[in-house]
Amino acid sequence: MKAIVIHAPKDLRIEEREAEAPGAGEVEIRLAAGGICGSDLHYYAHGGFGAVRLKEPMILGHEVSGHVTALGDGVSGLAIGDLVAVSPSRPCGACEYCHKGLPNHCFNMRFYGSAMPFPHIQGAFRERLVAKASQCVKAEGLSAGEAAMAEPLSVTLHATRRAGEMLGKRVLVTGCGPIGTLSILSARRAGASEIVAADLSERALGFARMVGADRTINLSETPDGLVPFAANKGYFDVLYECSGAQPALVAGIQALRPRGVIVQLGLGGDMNLPMMAITSKELDLRGSFRFHEEFATAIRLMQGGLIDVKPLITHVLPLSDAPKAFEIALDKGQSMKTQIAFG
């Protein structure tokens, strides 16, 4: 089978790899769609991020869907031909954090396409994927592209749970890439009454408006665009910080009301924070990392027409054009979510 393998920065190859047979409790999936994530782009453009570096060739990809082609022993609830979204999250189920109900913090997590451990965890961008049946959520009624969006949508659903009570809240979203725009959809579905989105790109803000932002602020044209919201100790109840940029986080903190909640999703490295403002306004700073049970919820929300991700899928290229797909995905001037069609 063919797989998309990263060897070094900008050294992306389509290679032949051995196909596996499903064991007990596993299924074989013929991949249909795979979305290129920000972490995939970090490996492609820079060979990693922060202290995480490529040490060996690694199959990329973790936002995938496909059709079941074979069932291992003991599998029930799935049938050959089913379209499934595949969760990349594979906690061990036996460590301290799994037992505490925090599987996204599993000591022994095997998350597709991750260079954090060595040997690396090989990813899902391959024509045939063997996965645990428990990773698969049936996605009938959705396109393969929509089903592959379950993973990034799950990230923002988890962040929304971390934010807490959302009904009637005023929400600020900084950074309007795929995670920022999906955060708008998630916050609105959870009951946010007003959502303001801020970014440096007018094109990204156009997507924010498309998915329901009440107002957008172009910080490249109006660098002080969030300053008015800092009056009277702040305006917003919740900040989704999706850019990973320190200036966005600092401006967002100033715009939050006392006892507001900051949910940090953007991964831009360590930052210097205005701790006096966080302390004096009694703000809650909450990290949000991956997801688990939200994956099935993401599918149900899309199936019920409660969240529509289709407008965010801007490009779909065949497997043979994978290097071109990664170049397009790097260009935020033209891409929101770029996907690869595997069949």
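Both backbone and side-chain heavy atoms feed into the values below; hydrogens, waters and symmetry mates do not.
Although no hydrogens or angles enter the test, the distance criterion places no donor-acceptor pair under 3.5 Å between the side chain of Arg259 and the main chain of Glu282. With Gln254 contributing its side chain and Leu256 its backbone, the two residues share no donor-acceptor pair below 3.5 Å. Of the possible donor and acceptor atoms, none in the side chain of Asp321 sits under 3.5 Å from a partner among the backbone N and O of Pro318. Of the possible polar contacts, none joining the Ser335 side chain to the Asp331 backbone as a donor-acceptor pair under 3.5 Å is found. Using a distance-only test at 3.5 Å, with no hydrogens or angles considered, a donor-acceptor pair links the side chain of Glu241 to the main chain of Ser243. For the pair Ser65 (side chain) and Ala85 (backbone), a donor-acceptor distance under 3.5 Å is absent. When atom types are taken as modelled, the side chain of Thr222 and the backbone of Leu219 share no donor-acceptor pair closer than 3.5 angstrom. Judged by distance alone, with hydrogens and angles left aside, the side-chain atoms of Tyr43 form a donor-acceptor pair with the main-chain N or O of Ala115 at under 3.5 Å. Not a single donor-acceptor pair under 3.5 Å links the side chain of His67 to the backbone N or O of Ala32. Formation of a donor-acceptor pair under 3.5 Å by the Arg162 side chain with backbone atoms of Ser288 is not found in this model.
Both Leu306 and Ile313 sit in one connected hydrophobic cluster of ILVMFWY residues. Membership requires side-chain heavy atoms under 4.5 Å apart, directly or through other members. Side-chain heavy atoms closer than 4.5 Å link hydrophobic residues (I, L, V, M, F, W, Y) into clusters, and following such links, even through other members, never connects Val84 to Phe111. Tyr240 and Ile307 fall within the same hydrophobic cluster, where Ile, Leu, Val, Met, Phe, Trp and Tyr residues are linked whenever their side-chain heavy atoms come under 4.5 Å apart, directly or through other members. Connection of Leu31 to Val68 is established within a shared hydrophobic cluster, with ILVMFWY side chains joined at heavy-atom distances below 4.5 Å, either directly or through further cluster members. Hydrophobic clustering (side-chain heavy atoms under 4.5 Å, transitive across Ile, Leu, Val, Met, Phe, Trp, Tyr) groups Leu157 together with Val155.
Looking only at side-chain heavy atoms (C-beta outward), Val52 and His42 stay at 4.5 Å or farther from each other. Gln334 places a side-chain heavy atom less than 4.5 Å from the side chain of Ile328. Between Leu239 and Thr174 the shortest side-chain heavy-atom distance falls below 4.5 Å. Side-chain atoms of Cys92 and Cys98, non-hydrogen and from C-beta on, do get closer than 4.5 Å to each other. Contact check for His292 versus Pro91: side-chain heavy atoms found under the 4.5 Å cut-off. Here the side chains of Glu327 and Tyr44 are in contact, with some heavy-atom distance below 4.5 Å. Side chains of Lys337 and Glu63 form a contact here, defined as non-hydrogen atoms less than 4.5 Å apart. Using a 4.5 Å heavy-atom threshold, the side chains of Ile217 and Phe229 count as touching.
Atom OG of Ser143 and atom CD of Gln339 lie 7.5 Å apart (nearest 0.5 Å). Remark: Leu285 CG to Ile253 CD1 distance equals 7.0 Å, nearest 0.5 Å. Going from atom CG of Leu172 over to atom CD1 of Ile195 covers 10.5 Å, rounded to the nearest 0.5 Å. In this structure, the separation between CD on Gln135 and CG on Leu129 is 7.5 Å, given to the nearest 0.5 Å. The CG atom of Leu54 sits 11.0 Å away from atom CZ of Phe118, with the distance rounded to the nearest 0.5 Å. Distance check: Ile179 CD1 to Leu153 CG gives 9.0 Å after rounding to the nearest 0.5 Å.
Atom NZ of Lys332 sits in a crowded spot, with more than 12 heavy atoms from other residues, nucleotides or ligands closer than 6.0 Å. For Lys281, the NZ atom sits in a packed shell: over 12 heavy atoms of surrounding residues, nucleotides or ligands are nearer than 6.0 Å. Within 6.0 Å of atom CZ in Arg110, 12 or fewer heavy atoms from other residues, nucleotides or ligands are found, so the atom counts as exposed in its surroundings. Counting heavy-atom neighbours within 6.0 Å of Arg215 CZ, excluding the residue itself, gives a total of 12 or less. Shown here is Arg53, whose CZ atom has more than 12 heavy atoms of other residues, nucleotides or ligands within 6.0 Å. For OH of Tyr97, the number of neighbouring non-hydrogen atoms (other residues, nucleotides, ligands) closer than 6.0 Å is 12 at most. Residue Asp270 places its CG atom among 12 or fewer non-hydrogen atoms of other residues, nucleotides or ligands, all under 6.0 Å distant. By the 6.0 Å contact criterion, CD on Glu96 is enclosed, its count of non-hydrogen atoms from other residues, nucleotides or ligands being greater than 12.
No option in Leu265, Ile184, Val196, Asp199 other than Ile184 meets the side chain to side chain contact (heavy atoms under 4.5 Å, CB included) test with Val173. A side chain to side chain contact (heavy atoms under 4.5 Å, CB included) with Ile262 is found for exactly one of Leu249, Leu273, Asp284, namely Leu249. No option in Arg209, Arg188, Arg170 other than Arg188 meets the salt bridge (charged side-chain N to carboxylate O under 4.0 Å, His left out) test with Asp214.
When all heavy atoms of Cys136 and Ile29 are compared, the closest pair comes out as SG-CD1, 3.8 Å. Minimum interatomic distance between Thr69 and Ile80 (heavy atoms only, all atoms of both residues): O-CD1, 3.8 Å. Of all heavy-atom pairs between Ala208 and Cys176, the closest is CB-SG, 4.0 Å. Across all non-hydrogen atoms, the minimal contact from Asn272 to Val250 is O-CG2, 4.3 Å. The minimum heavy-atom distance linking Ser154 with Ala298 is given by the pair OG-CB, 3.7 Å. Val75 and Ala133 make their closest contact through CG1-CB, 4.0 Å (heavy atoms, listed as atom of the first residue, atom of the second, distance).
Thr297 and Arg300 form a side-chain donor-acceptor contact under 3.5 Å, judged by distance and modelled atom types alone. In the model, Glu194 has a side-chain atom that pairs as donor or acceptor with a side-chain atom of Tyr235 under 3.5 Å.
Here the two rings, on Phe125 and Phe342, have centers that are under 6.0 Å apart.
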Item checked: side chain to side chain contact (heavy atoms under 4.5 Å, CB included) evaluation trace for Phe207 with Thr314 -> CA-CA 11 Å; Phe207 281 98; Thr314 53; 3.5 Å; yes
Check: Going through the checks in order, is the side chain to side chain contact (heavy atoms under 4.5 Å, CB included) test met by Arg17 and Val5?
Finding: CA-CA 10 Å; Arg17 291 292 176 97; Val5 183; 3.6 Å; yes
Next item on the list: Check the pair Met336 / Met210 against side chain to side chain contact (heavy atoms under 4.5 Å, CB included), numbers first and verdict last.
Entry: CA-CA 12 Å; Met336 175 55 72; Met210 183 189 304; over 6 Å; no
Next item on the list: Under the side chain to side chain contact (heavy atoms under 4.5 Å, CB included) rule, what do Glu26 and Glu20 come out as? Steps first, then yes or no, please.
Entry: CA-CA 11 Å; Glu26 296 180 332; Glu20 304 170 7; over 6 Å; no
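The aromatic rings of Phe291 and Phe295 lie parallel to each other, their planes meeting at an angle below 30°, with 60° marking the opposite boundary.
The residues Glu15 and Lys2 are annotated as not salt-bridged, no charged nitrogen and carboxylate oxygen being separated by less than 4.0 angstrom.
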